Amino acid sequence: NAGVTQTPKFQVLKTGQSMTLQCAQDMNHNSMYWYRQDPGMGLRLIYYSASEGTTDKGEVPNGYNVSRLNKREFSLRLESAAPSQTSVYFCASSPLSGQGVGNTEAFFGQGTRLTVV
Amino acid sequence: GEDVEQSLFLSVREGDSSVINCTYTDSSSTYLYWYKQEPGAGLQLLTYIFSNMDMKQDQRLTVLLNKKDKHLSLRIADTQTGDSAIYFCAESTGNFNKFYFGSGTKLNVKP
């Protein structure tokens, strides 16, 4: 069972370069998320998508764009990378869509460690 | 966004109990979660509690919720070296599409 798959696992970029982080889930989940993890700051939500075709900003969206290409895939793009975007990026998914009822669990990928020099 | 706070470090001896604490600010929090992150890995759900409960036990794990004080704790009985990890408290509210995480507590278990 693959679950949530992120690529690449590691990446080094120069300031100003662009790149796209890929995420795919095979659990037929409606919601997908991008978080960044920085030391002492926990996980902060960058963008999320409650369903195919919709995306919404989280706590720290500046400098990022996202695309919910289909139900399986949710990509995160850095158009012009900055050293402040050096972080570990996690993609996650959960079954809910819109105002859900009942418990849900977020399933996480293994993370992408990005360094911007 | 909502604030979820945790202490950053906890060190215990193998066989002792560990208690990891968390406070949150959103009184409309509906579900509260504990996630575990091992080195180089993503987060895995350990347990969760619904806001109308005050305690949940799951094998070595006990979750206590004090809704009045907005305080959540995770107790790990008979802590093992394999429990060494970062533990994240998280909450979700009326908008179930968002999860808010604390900064994580790094648990170090000494043999």
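Quick caveat: nothing in here was measured; it's all calculated off a predicted structure. Just so we're on the same page: letters track the sequence lines, and every chain starts at 1.
Most heavy-atom pairs under 4.5 Å with chain B, from the set A/Asp38, A/Asp56, A/Leu43: that is A/Leu43.
Here A/Phe108 contributes atom CZ and B/Leu45 contributes atom CG; the two are 9.5 Å apart, rounded to the nearest 0.5 Å. Between the CZ atom in B/Phe101 and the CD atom in A/Gln37 there is a gap of 9.5 Å [rounded to 0.5 Å].
Neither the backbone nor the side chain of B/Gln44 comes within less than 4.5 Å of any heavy atom in chain A. Using a 4.5 Å cut-off between heavy atoms, B/Leu43 contacts chain A through both its backbone and its side chain. Using a 4.5 Å cut-off between heavy atoms, B/Phe50 does not touch chain A at all.
When the shell of 6.0 Å around CZ of A/Arg44 is examined, it contains more than 12 heavy atoms from other residues, nucleotides or ligands. Enclosure of atom NZ in B/Lys106 is not indicated, since only 12 or fewer non-hydrogen atoms of other residues, nucleotides or ligands lie within 6.0 angstrom.
Hydrophobic clustering (side-chain heavy atoms under 4.5 Å, transitive across Ile, Leu, Val, Met, Phe, Trp, Tyr) groups B/Ile20 together with B/Tyr33. Neither A/Tyr64 nor A/Val88 shares a network with the other; the hydrophobic side chains, linked directly or stepwise wherever heavy atoms of I, L, V, M, F, W or Y lie under 4.5 Å apart, form separate groups for each. No continuous path of hydrophobic side-chain contacts links A/Phe90 to A/Val4 [ILVMFWY only; heavy atoms under 4.5 Å]. Residues A/Met32 and B/Tyr35 do not share a hydrophobic cluster, clusters being chains of Ile/Leu/Val/Met/Phe/Trp/Tyr side chains in contact below 4.5 Å.
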Open item on the list: Determine whether A/Tyr35 and B/Phe99 satisfy the following criterion, ring-ring contact (aromatic ring centres under 6.0 Å, His included), listing intermediate values before the conclusion.
Closed with: CA-CA 10 Å; A/Tyr35 289 89; B/Phe99 299 83; 7.6 Å; no
